[in-house]
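In what follows, every chain begins at residue 1, and chains take the letters A, B, ... in the order their sequences are listed. Atoms considered below: every heavy atom in the structure, side chains included; atoms not considered: hydrogens, waters and symmetry mates.
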Number of protein chains: 2
Amino acid sequence: MKRKISPSEEDYLKAIYHKTTADAPVVSTTLLAEEMGAKPSSVTDMVQRLSEKALVEYQKYKGVKLSDTGNTRALSIIRKHRLWEVFLVNELHFSWDQVHDIAEQLEHIQSEALTDRLAAFLGHPKTDPHGDPIPTKEGNIQAQTKMLLELAPLNTPLVCVGVEDSSAAFLQFLDKCGIGLGVNIEVLEKEIFDGSLLVSIDSKTQRISSLIAQNLYVNQGQ
Amino acid sequence: MKRKISPSEEDYLKAIYHKTTADAPVVSTTLLAEEMGAKPSSVTDMVQRLSEKALVEYQKYKGVKLSDTGNTRALSIIRKHRLWEVFLVNELHFSWDQVHDIAEQLEHIQSEALTDRLAAFLGHPKTDPHGDPIPTKEGNIQAQTKMLLELAPLNTPLVCVGVEDSSAAFLQFLDKCGIGLGVNIEVLEKEIFDGSLLVSIDSKTQRISSLIAQNLYVNQGQ
DNA sequence: ATAATTATTTAGACAAGCCTAAAAATTTAA
DNA sequence: TTAAATTTTTAGGCTTGTCTAAATAATTAT
Ligand SMILES: [Mn+2]
Ligand SMILES: [Mn+2]
Ligand SMILES: [Mn+2]
Ligand SMILES: [Mn+2]
């Protein structure tokens, strides 16, 4: 029933998933090439193959989007990726900046039984170590109610719930600033000059750059 | 330092490792082809490439064996394979006949940190779920003192310590017979006619075929 | 020792995934 | 609304890993 897809094809499906949104429903080959670290011509090749397999809808010069089956496949790979990240952090005690590249490999292991048992072993976690939601086995992914710290209201208790950039460099910098998921933040002041924020993190006041504020998600906290 | 090897190349190294012994130090392309489920001509191609990379020593028409670096790489893959099998059985509660194919994929994940932490997480196991020894990080593999049940002495307490054939079919059949690692066995009688054995397993007497006896390893028990 | 058989390698082909260079379509600017 | 710039696709080539068919080496039988 389930046609075989190569790791490379899976990575493309994931990239298309991540690069399309409600208001930008298709992605260009150039953007996809950037995301994949490949040349646009290579992407065109791949997208044409995926189109023949009915995993994407592709129109020459018009960009590409996932088909329904492609979307389901992408969600399954993302589910595996995030479950493995939880395993690596919670069970093997990796830090949140070390797990992405390993999960990038583990997500391609093909065994439904393995994914099922891994999820059960981990207690069916809802989010990964970066605060991203884990799709269910059925392919449902919970919409996140979160806002960028940059746009959060002043003098309001907030809690850190996710990151926009999950590069090791950014995550390590957050560590250095004492910022992690679940940490309480309050924005005390916005500096007009450079966009930096004066914040209180766990009742300690510090100034953080606008670049951090643009890549950190928060929710209304207690 | 560590040159990249593809999953396919890794599987070949493993196959060469398994098919060479002290008294048969080289393996033929035909035998290797059988082991890999490929044609001999494909194997010739591959061993020539591996030879250029100095992972094997290959002489036209004379067969192939691992070089020192090839041997080290093979042991590292086998270490990963067996560690993952332990994880699947001990932590995810797979049965011993279900884990080989999954481990066949997991063994190719490239991350030394992952292997190290997995080993620690599992408590540095010495053997896998089939009784096979797990090489150390340094590449030391413990020689097993075990004998085929077929050749074991009569009326002697024995304990089951491994299998020669680890196919799902054989392992499931062993389950059905109540045979597993650590189970106590005693050979009561050898039947000349068909090579079958009358054995006592956990103090219950039953007859087992010679094919089982040829694929089951035992040690002197308590 | 020669012939027949078997094992092994070579030759040529193909698909997947990538590349560069060139052509074509689209978008932007004049 | 043409012309210029940019984006995207096509053409052709390379590597890996596989195959089949043909050639060659090695082994076995006569
Ligand atoms: Mn991946
Ligand atoms: Mn993540
Ligand atoms: Mn394998
Ligand atoms: Mn095993």
Side-chain angles (χ1 to χ4, degrees), chain A residues 2-16 19-20 24-66 70 73-74 77 104-105 107-110, chain B residues 2-16 19-20 24-66 70 73-74 77 104-105 107-110:
Chain A
K2 218 174 181 180
R3 298 247 305 290
K4 244 183 289 179
I5 303 186
S6 73
S8 187
E9 288 173 319
E10 293 190 334
D11 283 336
Y12 272 94
L13 292 183
K14 233 181 15 156
I16 296 166
K19 288 294 167 187
T20 50
V26 302
V27 59
S28 72
T29 45
T30 312
L31 185 56
L32 214 43
E34 218 168 272
E35 178 79 3
M36 294 298 300
K39 299 291 165 184
S41 54
S42 304
V43 173
T44 301
D45 262 13
M46 177 58 97
V47 156
Q48 287 175 345
R49 278 197 299 274
L50 292 174
S51 179
E52 273 161 32
K53 297 185 183 180
L55 291 165
V56 303
E57 287 165 33
Y58 166 65
Q59 280 187 286
K60 265 193 188 182
Y61 297 103
K62 300 293 179 189
V64 65
K65 66 175 161 185
L66 294 174
R73 298 300 287 259
I77 301 153
E104 202 54 52
Q105 300 177 61
E107 70 190 356
H108 303 293
I109 303 292
Q110 300 203 317
Chain B
K2 216 174 182 181
R3 299 247 307 289
K4 245 182 290 179
I5 303 185
S6 72
S8 187
E9 288 173 319
E10 292 190 335
D11 284 335
Y12 272 94
L13 292 182
K14 235 182 13 157
I16 296 166
K19 287 295 167 186
T20 51
V26 301
V27 59
S28 72
T29 45
T30 312
L31 186 55
L32 215 43
E34 218 167 273
E35 178 78 3
M36 294 298 300
K39 299 291 165 182
S41 53
S42 305
V43 173
T44 300
D45 265 11
M46 178 57 97
V47 298
Q48 285 175 345
R49 279 197 297 274
L50 292 174
S51 179
E52 274 160 32
K53 297 185 182 180
L55 291 165
V56 305
E57 287 165 33
Y58 166 65
Q59 280 186 287
K60 265 192 190 183
Y61 296 102
K62 300 293 179 189
V64 65
K65 65 175 160 184
L66 294 174
R73 297 301 287 263
I77 301 152
E104 201 54 51
Q105 299 178 60
E107 71 190 355
H108 303 293
I109 304 292
Q110 300 203 316

Looking at B:K60, does any N or O in its side chain come under 4.0 Å of the phosphate oxygens OP1/OP2 on C:dT10? yes
Closer than 4.0 Å, any side-chain N/O of A:T29 to the OP1 or OP2 of D:dT9? yes
Quick one: [X] [atom1] to [N] [atom2], roughly how many Å, whole number?
{"X": "A:L32", "N": "D:dT9", "atom1": "CG", "atom2": "P", "result": "11 Å"}
{"X": "A:K62", "N": "C:dA24", "atom1": "NZ", "atom2": "C1'", "result": "14 Å"}
{"X": "B:Q48", "N": "C:dA11", "atom1": "CD", "atom2": "P", "result": "10 Å"}
{"X": "A:E52", "N": "C:dA15", "atom1": "CD", "atom2": "P", "result": "11 Å"}
{"X": "A:L50", "N": "C:dC18", "atom1": "CG", "atom2": "P", "result": "11 Å"}

Under the salt bridge (charged side-chain N to carboxylate O under 4.0 Å, His left out) definition, can you give me all pairs with a residue in residues 42-55 of chain A, not counting sequence neighbours? A:E9-A:K53
Backbone of A:I16 reached by a side-chain donor or acceptor of A:T20 within 3.5 Å: yes
Applying salt bridge (Lys or Arg N to Asp or Glu O under 4.0 Å), can you list everything that pairs with [X], at least two apart in sequence or on another chain?
{"X": "B:K19", "result": "B:E35"}
{"X": "B:K39", "result": "none"}
{"X": "A:E104", "result": "A:K14"}

Set of side chain to side chain contact (heavy atoms under 4.5 Å, CB included) partners for A:E10, sequence neighbours left out: A:I5, A:I77, A:H108, A:Q110
Please encode protein proximity along nucleotides 15-23 of chain D as a string of B, S and -, counting only heavy-atom distances under 4.0 Å. --BBBB---
